[in-house]
A.B. asks: 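My questions will all concern the structure given below.
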Amino acid sequence: MRPILIAGNWKMHKTQAEARQFLREFAPALQASSVGATPQRQIILCVPFTDLAVVVEETRGSGIAVGAQNLHWEDQGAFTGEISGPMLTELGVRYVIVGHSERRQYFGETDETVNWRLAAAQRHKLTPILCVGESLQQREQGLTESWIVGQLDRALPGIDLQNLVIAYEPIWAIGTGKTCAAAEANRVIGLIRQHLGADHLPILYGGSVKASNIDELMAQPQIDGVLVGGASLDPQEFARIVNFQTLTPAAAAP
Ligand code: PGA
């Protein structure tokens, strides 16, 4: 059975003081039933570099894992402003987002450097969360499937599928409030799984996930979890996302 991963991506939000405040409100709002659920619900907080040490410290023993939002492919060197794998593992970080569309769009990251970053993460026993997804224009031109398959094929040479998470994040759904319909997210994730031939690989959906749509998304058989941006900033809302309700066909029937 694949694990369920509920990951928050704070992006460039929250000082250390704000991170502490979030955790004070978030932890008590988690239901014991969702923390101890089967399959296990792994909570991951992907926070800014400056918050990592504090969030690792404050979540110790809670079962919440901590992730970074990027890493450089070299272990050290003259790369001003960059952070390496050993710097993250020393802090107790376990996950790292790689290839988020904002990194690709605003900071010039390419599939080639995404591949190098994935390899660096795995070399240091971090689990990378690789983001892929199409733009609105690509979707309208019917290029969704071929684009995503191309992104995967360029990003994954030499990468171990045993220590990897993929997040399908349609760019047009990120931060826009326009969630991809649950059935469509399920379809694309199914295609990714089929293409990679890796049944055990957790594949998440990301893009305007909120408390109001989490139950429907998590009812889809191919969706193993979510990567949540804006709605992960609010402790009550993110706790409701973690505490998603399992919809059964019986419960959904009139
Ligand atoms: P959003 O962001 O939930 O704010 O749409 C998702 C993401 O970028 O990972």
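Indexing begins at 1, ligand by ligand and atom by atom, following the structure's order.
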A.B. asks: Running the 4.5 Å side-chain criterion over Ile, Leu, Val, Met, Phe, Trp and Tyr, what cluster does Tyr106 land in, apart from itself?
C.D. replies: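 For the cluster that includes Tyr106, the remaining residues are Phe107.
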
A.B. asks: One thing to verify: whether Arg104 and Glu109 come together as a salt bridge, which I'm taking to mean a side-chain N less than 4.0 angstrom from a carboxylate O.
C.D. replies: no

A.B. asks: Find out whether the Lys NZ or Arg CZ of Arg123 is both under 6.0 angstrom from the six-membered ring centre of Trp116 and within 45° of the ring's axis.
C.D. replies: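 No, cation not above the ring by the 6.0 Å, 45° rule.
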
A.B. asks: Distance under 4.0 Å, heavy atoms only, partner ligand 1: which residues pass?
C.D. replies: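 Its neighbours under 4.0 Å (heavy atoms only) are Asn9, Lys11, His100, Glu169, Ala173, Ile174, Gly175, Gly207, Ser208, Leu227, Val228, Gly229, Gly230, given by chain and number.
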
A.B. asks: List the atom of Gly67, the atom of Ile44, and the distance in Å for their closest heavy-atom pair.
C.D. replies: N-CG2, 4.2 Å

A.B. asks: Decide if atom CD of Glu74 counts as having more than 12 heavy atoms of other residues, nucleotides or ligands within a radius under 6.0 Å.
C.D. replies: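 Yes, because the 6.0 Å sphere around CD of Glu74 holds more than 12 heavy atoms from other groups.
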
A.B. asks: Counting only N and O atoms by type, is there a donor-acceptor contact under 3.5 Å from the side chain of His200 to the main-chain atoms of Leu161?
C.D. replies: yes

